[in-house]
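For reference, the structure discussed in these notes is given below.
Count residues from 1 along the sequence. As the structure lists them, so they are numbered: ligands from 1, and atoms in each ligand from 1. In this text the structure is predicted, and so the values were computed from the model without any measurement.
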Amino acid sequence: MTTTHISGFPRIGKNRELKFALEQFWRGEIDETALEATGRELRARHWQLQQNAGLDFVSVGDFAYYDQMLNHIQLLGCEPTRFHFGGQESELDRYFTQARGVADEAPACCGGHAHTEQETRALEMTKWFDTNYHYLVPEFTADTQFTLNSLRLFEEVAEAQALGHRVKVSLIGPLTFLYLGKEKTAGLERLTLLEQLTPVYCEILLKLKILGVEWVQIDEPILCLDLPAVWKAAFEPAYNRLNAVGIKLLLATYFGALEDNLVLACNLPVAGLHIDAVRAPQQIGSIIDRLPHYKILSLGVIDGRNIWRTDLDRALALADDARARLGERLWLAPSCSLQHVPMDLSAETDMDGELRSWLAFAVQKLDELDALRTGLDRGAVFAEQAFTASRLALASRNNSSRVHNQAVAARVRDLPADVDRRRSPFKIRQALQRSRFNLPAFPTTSIGSFPQTQAIRSIRAAYKRHEVTAADYTKAMQAEIRYTIDRQIQLGLDVLVHGEAERNDMVEYFGEQLAGFVFTQNGWVQSYGSRCVKPPIIYGDVARPHAMTVAWASYAQSLTTLPVKGMLTGPITILQWSFVRNDQPRSATALQIALAIRDEVVDLEHAGIGIIQIDEPALREGLPLRRSDWKDYLAWAGRAFRISASGVGDETQIHTHMCYSEFNDILPAIAALDADVITIETSRSDMELLRGFGEFNYPNEIGPGVYDIHSPRVPATEEMVRLLKKAAEVIPAEHLWVNPDCGLKTRGWPETEAALANMVAAAKSLR
Ligand code: GLN
Ligand code: ZN
């Protein structure tokens with residue numbers, strides 16, 4: 001009999017129970033006991049689902065109230081001393097303090113006071129590999145120590161055992177834990193902490209062994225990254241020590257191929273290896289060649305990163321081949337934790353049956369795993385229903401006219417070679433645009449959105465529920481646009497925006513209007529803590545049946561003689577924040593989206609909008625995990641952007657915007673986008689980020705953000721003048737724009753107006 005297991009399950013709950021319990025707890029409406037009861041109930045429910053699907057183990061260690069890395073920070077006793085915990089706080093108290101920080105008691109007032117920053121900053125958050133999940137970053141200092149400091153994991157093991165389950169525990173491995181953390185003491189090299197960290201892992205393993213746990217999955221996804229040699233060398237000695245405890249270890253790798261770490265991973269002293277056979281099926285053969293005979297191999301054949309129903313015949317064929325060589329040593333699993341997909345398709349009652357039949361969420365993936373095991377052990381006929389459904393889904397996706405649009409295919413086939421080129425080089429465009437717009441030096445603008453007030457949100461929601469007529473909704477939005485335009489004129493901004501009141505989300509707004517996208521009712525995926533997102537699903541060829549933003553932009557432009565900047569989301573950001581097709585490369589989908597955005601850009605130009613911004617905040621996070629894949633990605637992503645931007649004449653000015661990024665390693669690719677103006681987030685790095693642009697001699701115009709929009713603090717004019725002067729040291733002053741770091745939608749009007757007034761004053765003083 002083939003063993004089946006999973007590396008992790010979504011913890012948020014079918015109806016986001018954990019989210020709501022957390023938020024109630026933070027508001028003080030429920031106590032720890034009630035929160036813990038919700039956690040326990042969810043774990044029990046999720047284990048039951050795993051058992052029902054015939055898995056050999058249920059997964060323990062994947063539950064977290066906020067984040068699994070934070071769980072490990074507590075488990076390993078390395079809570080940063082900067083939090084000054086005194087010992088009287090409860091474990092959960094400390095947990096949430098690290099996750100969320102401690103807000104200053106001082107009122108979040110306006111007027112340039114610096115004291116509204118949080119007194120104790122939360123741990124930094126960053127993306128988990130190339131997913132949209134954010135983990136909390138461990139901090140290491142000279143006085144970091146490790147001790148076994150939390151019993152929560154062991155209690156959860158006992159909890160599952162008491163429910164009659166056979167348990168497999170998953171832990172984040174010591175090397176990955178250190179690698180994903182950050183040194184906070186100059187000169188400290190975090191790898192040196194491994195020496196003290198390993199004994200704590202041994203202690204944990206020993207405790208699990210005493211509890212009767214047979215298998216511990218130890219995740220080392222960094223084995224799919226380009227690792228420095230010292231990190232590679234550190235694995236074997238550490239795993240020798242872990243292995244000496246005498247509990248079976250399953251070394252789990254995922255999100256890519258092992259490549260140069262393949263031999264290392266195969267030979268580490270552990271009892272089994274898990275690999276991602278969805279992203280990297282090509283490695284299976286060489287891994288089996290090298291895997292020592294005493295080890296099991298867990299093949300991750302079901303996609304833990306996407307929502308498509310598995311091609312069971314194909315997965316079975318892979319498994320069959322492996323089985324012929326490994327026999328009972330073959331295990332089957334999803335490629336990675338299922339936390340990256342929504343919970344249960346059965347909650348999608350509005351979706352049409354055909355589309356639904358193409359999908360599998362976490363619960364359905366458990367059933368697929370079960371069917372696959374049956375197929376492998378007894379033959380596909382013994383899981384006929386599942387195999388038939390899989391074949392039908394595949395056939396209907398292959399043939400459906402909802403997926404394949406002849407017109408899109410023809411357009412892509414016949415694209416001219418220069419479709420991604422503006423008509424003239426930047427210098428010529430710049431001259432034409434300068435005489436057209438006649439803007440002052442240091443022109444001022446914003447990034448697009450203005451405060452999304454409660455009033456805006458409720459009218460949008462009412463419209464969505466059909467409680468408001470289209471005419472009334474339009475009127476309400478136009479009133480918001482008028483208000484926003486008036487405020488910007490009052491403030492003296494040079495390039496205005498309509499304010500994005502009609503947009504709930506910068507991807508959803510476009511996805512809802514494009515063909516080839518579908519939205520779920522309940523397809524929530526945890527982004528961080530209690531925050532969940534509902535990514536759109538791109539299932540078919542993307543096309544734009546009608547203009548998406550032209551009416552709003554034209555209305556805004558009709559109110560003023562100043563230029564109004566049209567506002568679009570770029571193809572890579574739309575791609576990156578959606579579930580994408582698996583029947584064509586990402587690059588092909590990006591190209592289709594690019595063409596749809598291109599049509600919108602051209603329509604805006606025809607409507608008299610002379611400046612158009614195409615936001616690409618996700619361009620950098622789309623970078624592949626391995627550097628060897630960067631070039632290819634940057635080539636097709638850059639081309640997609642340029643295609644979206646190049647349908648217009650020379651005198652139309654294209655802006656782009658990027659945020660939360662370090663760009664210095666991809667500056668050539670950013671320059672190659674050839675946007676006339678790029679606005680970027682820089683204020684938090686005190687303009688340091690700009691240095692790279694300067695040294696690179698970035699050719700086009702730049703708007704370095706002069707204030708951080710993440711805080712209600714209103715920076716003084718002098719502060720922004722100082723930043724701009726600093727910027728002018730590295731960027732030619734005649735290329736500089738003046739703008740905030742990012743959109744203002746999370747801010748209130750009073751601080752927005754105060755900050756923008758100071759910003760305009762700063763630009764004037766520089767002029
Ligand atoms: N135009 C968008 C806004 O202003 C940009 C958001 C972003 O960069 N994330 O809200
Ligand atoms: Zn931004």
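- Annotation for R482: atom CZ does not count as buried by contact number, only 12 or fewer foreign heavy atoms lying within 6.0 Å.
- In this structure, Y66 and W26 have tilted ring planes: the angle between them lies in the 30° to 60° band.
- Close contacts of ligand 1 with D615, meaning ligand atoms under 4.0 Å from a residue heavy atom, involve 1 (N), 2 (C), 5 (C).
- Taking every heavy atom of G448 and a limit of under 4.0 angstrom, the matching atoms of ligand 1 come to 4 (O).
- Take the Zn ion (ligand 2) as the corner point: the lines to NE2 of H657 and to SG of C742 open at 120°, to the nearest 10 degrees.
- Side-chain contact of E701 with Q653: a donor-acceptor pair under 3.5 Å is absent, judged by distance alone.
- Polar contact check, E500 against ligand 1: a nitrogen or oxygen pair lies under 3.5 Å apart.
- Residue H657 has at least one heavy-atom neighbour below 4.0 Å for each of these atoms of ligand 1: 8 (O).
- Nearest heavy-atom pair across L673 and G638 is CD2-CA, 3.7 Å.
- Contacts of M658 with ligand 1, taken as heavy-atom pairs under 4.0 Å, are absent altogether.
- Taking the ring centre of W630 as origin, the terminal cationic atom of R627 falls inside the region bounded by 6.0 Å and 45° from the ring axis.
- In terms of heavy atoms, A122 sits closest to R100 at CB-C, 3.5 Å.
- Across S449, S446, G743, C742, heavy-atom proximity to atom 7 (C) of ligand 1 is greatest for C742.
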